[in-house]
Amino acid sequence: MTHEECCRKKEDAIKAFFGDRKVKSSDRYGNGHINDTFLVITEGEVRYILQRMNSDVFKDPVGLMNNVVLVTDYLRSQIVARGGDPERETLNPMKASDGKAYYRDDNGFYWRAYTFITDSLSLDRARTPEDFYESAVAFGRFSGLMSGFDAKLLKETIPDFHNTPKRYEAFEAAVAEDKCGRAASVKAEIDFYRSHKADMDYCAGLLKAGVIPLRVTHNDTKLNNIMLDAKTGKGICVIDLDTVMPGLSIYDFGDSIRFGANTAAEDEQDLSRVSLSTELFESYVKGYLEGVGGALTEDEIRLLPYGAKTMTLECGMRFLTDYLQGDTYFMVHREGHNLDRTRTQIKLVEDMERKWEEMGAIVRKYA
Ligand code: ADP
Ligand code: GN1
Ligand code: MG
């Protein structure tokens, strides 16, 4: 679909969610890699988030929105019971003119809208260890709040999303197919993942053996998927609920470390800037364990560093797979963007390996 066509459909979606209200602007917004996100500002300066859902990634947008409504309704009831403010502490999906939580345009794309979490910000980098600590408390609290929710009600929006061994198979298939002729130029990166195959099987094996349980998890715990209060800096609301489904707590922990405890951006080109900040790691361990409030088993706590390493391996391998397949999954903004992302993830794993003992000691300190 051309840019112009997308804009025309956006106007239709705006009509579906906002009726005749005057909309002052609806510009692109945020740094997500998956959905097309727009900030809608209506007359009177009321803000909303409008998103065109990524139909390549989410094959069942109606099922997905059903999950989002179930999860946000549940969160709302939990927040109200605890005397919190459900307008700011959970996402609130809006209803389209037909009463549904989504709008299907006549090209078959699905749109949704959320009220805007006011006086808040989402960060791509923690400004201070306190920001990261606050995000950890909020993600931990989210797991705690969701622990009473019946996971069987949720549709698996992306089957095998964090099934790392399956991701490895997809990676090898992409190498074998080499449809863009890029494999030869990334031999070092391919070899890196091949040499880490056993690491990538480790946590999946523990799940299979019943050492760690399946829980309702977020599965995409990047720092920019949390809103912090603009004034107090407290973590207030977990967003991007597209991948809430049964998963591993250590992966929720781990994906936060992968993204937020890196001293550089996920797509930094100067690899000398990439490392694991043990200070940020410690802030997150402390905040996450406080936030979940005793809900994790001893094994889950002990395995937190493995969650971080596995998620960093898996995500880097997913970026490389997408690079080999012609950059069709993650949004890219320059040539080689996915390869740059792969390289930061490799560097980060190598630094985790150097700091492995220290990571374990930090976890034991707060266990
Ligand atoms: P993606 O799946 O593409 O990552 P997100 O749902 O995470 O999309 O949204 C992208 C960005 O939009 C977020 O990182 C955040 O900055 C902003 N955002 C999303 N929902 C809201 C909301 N309800 N209120 C304020 N900002 C939001
Ligand atoms: C995507 O949607 P976003 O930008 O929060 C991806 C995550 C990756 C992340 C890497 C549904 O997250 O799995 O870890 O990019 N989300 C999906 O930055 O694939
Ligand atoms: Mg996001």
Side-chain angles (χ1 to χ4, degrees), residues 27-41 46-59 61 64-65 67-68 72 75 86-94 111-125 135 139 156-164 167 170 217-230 236-245 247 251-252 254-260 262 265-268 308 310-322 328-333 337-338 340-342 344-345 348:
D27 298 331
R28 273 192 181 271
Y29 189 74
N31 290 326
H33 293 341
I34 301 296
N35 296 302
D36 289 310
T37 301
F38 304 90
L39 172 65
V40 171
I41 306 182
V46 186
R47 287 158 187 255
Y48 300 89
I49 289 288
L50 176 71
Q51 288 180 320
R52 190 179 73 149
M53 293 157 67
N54 185 322
S55 57
D56 294 328
V57 170
F58 300 112
K59 307 286 186 208
L64 185 154
M65 285 314 292
N67 278 4
V68 169
T72 52
L75 286 172
E87 299 309 314
R88 295 187 78 225
E89 294 171 31
T90 171
L91 279 178
N92 287 290
M94 294 179 62
W111 297 74
R112 61 165 171 224
Y114 292 116
T115 55
F116 194 83
I117 316 286
T118 50
D119 303 314
S120 70
L121 39 93
S122 79
L123 301 173
D124 288 306
R125 295 278 288 282
S135 76
F139 273 125
E156 216 181 336
T157 51
I158 304 180
D160 294 314
F161 188 54
H162 284 315
N163 183 338
T164 317
R167 294 282 187 187
T217 48
H218 183 278
N219 296 302
D220 189 2
T221 51
K222 283 162 70 163
L223 183 61
N224 63 16
N225 285 334
I226 203 127
M227 306 305 300
L228 301 180
D229 187 287
I236 45 175
C237 180
V238 171
I239 63 167
D240 204 344
L241 302 174
D242 298 339
T243 51
V244 175
M245 49 189 168
Y251 285 175
D252 267 6
D255 202 42
S256 290
I257 298 302
R258 175 194 77 72
F259 187 83
N262 186 348
E266 185 182 69
D267 59 356
E268 173 62 59
T310 309
M311 283 298 95
T312 312
L313 283 165
E314 183 193 275
C315 195
M317 186 173 66
R318 289 173 62 199
F319 289 142
L320 184 57
T321 304
D322 198 30
T328 57
Y329 185 94
F330 297 103
M331 267 182 219
V332 289
H333 306 292
H337 206 164
N338 270 318
D340 293 337
R341 292 173 179 145
T342 304
T344 63
Q345 303 305 289
L348 192 57

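Every heavy atom of this structure was used, including side-chain atoms; hydrogens, water molecules and symmetry mates were not. Both ligands and their constituent atoms are indexed starting at 1 by order of listing.
Atoms of ligand 2 found under 4.0 Å from any heavy atom of Tyr329 (numbered from 1 in listed order, with element): 11 (C), 17 (C), 19 (O). Annotation for ligand 2: atoms under 4.0 Å from non-hydrogen atoms of Gly32 are 4 (O).
For the ligand labelled ligand 2, residue Arg318 lies inside the 4.0 Å heavy-atom shell. Remark: distances from the non-hydrogen atoms of Arg258 to ligand 2 include one below 4.0 Å. Within the structure, ligand 2 lacks Phe259 among the residues with a heavy atom less than 4.0 angstrom away.
Proximity of Lys222 to ligand 2, defined as any heavy-atom pair under 4.0 Å, is confined to the side chain (atoms from C-beta onward). Contact annotation: for Asp220 versus ligand 1, there are no heavy atoms closer than 4.0 Å. Under 4.0 Å from ligand 2, the heavy atoms of Phe330 that appear belong solely to its side chain. Looking at Asp240 against ligand 2, only its side chain comes within 4.0 Å, counting heavy atoms.
Among all non-hydrogen protein atoms, the one lying nearest atom 19 (C) of ligand 1 is Ile239 CD1, 3.6 Å. Closest to atom 23 (N) of ligand 1, if we only count protein heavy atoms, is Thr115 O, 3.1 Å. Ranking the protein heavy atoms by distance from atom 14 (O) of ligand 1 puts Asn224 O, 2.8 Å first. The closest protein non-hydrogen atom to atom 6 (O) of ligand 1 is Gln51 NE2, 2.9 Å. The nearest protein atom to atom 20 (N) of ligand 1, hydrogens excluded, is given as Ile49 CG1, 3.7 Å; this is a heavy-atom distance. For atom 24 (N) of ligand 1, the nearest non-hydrogen atom of the protein is Ile117 N, 3.0 Å. Residue, atom and distance of the protein heavy atom nearest to atom 10 (C) of ligand 1 are Thr37 OG1, 3.8 Å. Closest to atom 3 (O) of ligand 1 among all protein heavy atoms lies Asn35 N, 2.9 Å.
Counting backbone and side-chain atoms alike, Asp240 contributes an N/O/S atom closer than 2.8 Å to the Mg ion (ligand 3). Using a cut-off of 2.8 Å, one finds that Asn31 contributes no N/O/S atom close to the Mg ion (ligand 3).
Considering Glu266, His162, Glu314, Met311 only, the shortest heavy-atom separation from atom 10 (C) of ligand 2 involves Glu266. Compare Gly30, Pro93, Ala113 by their heavy atoms: the one nearest to atom 11 (C) of ligand 1 is in Gly30. Of the listed residues (Asn225, Asp220, Thr243), the one carrying the non-hydrogen atom nearest atom 7 (C) of ligand 2 is Asp220.
Taking only nitrogen or oxygen atoms, main chain and side chain alike, Asn219 does not reach within less than 3.5 Å of ligand 2.
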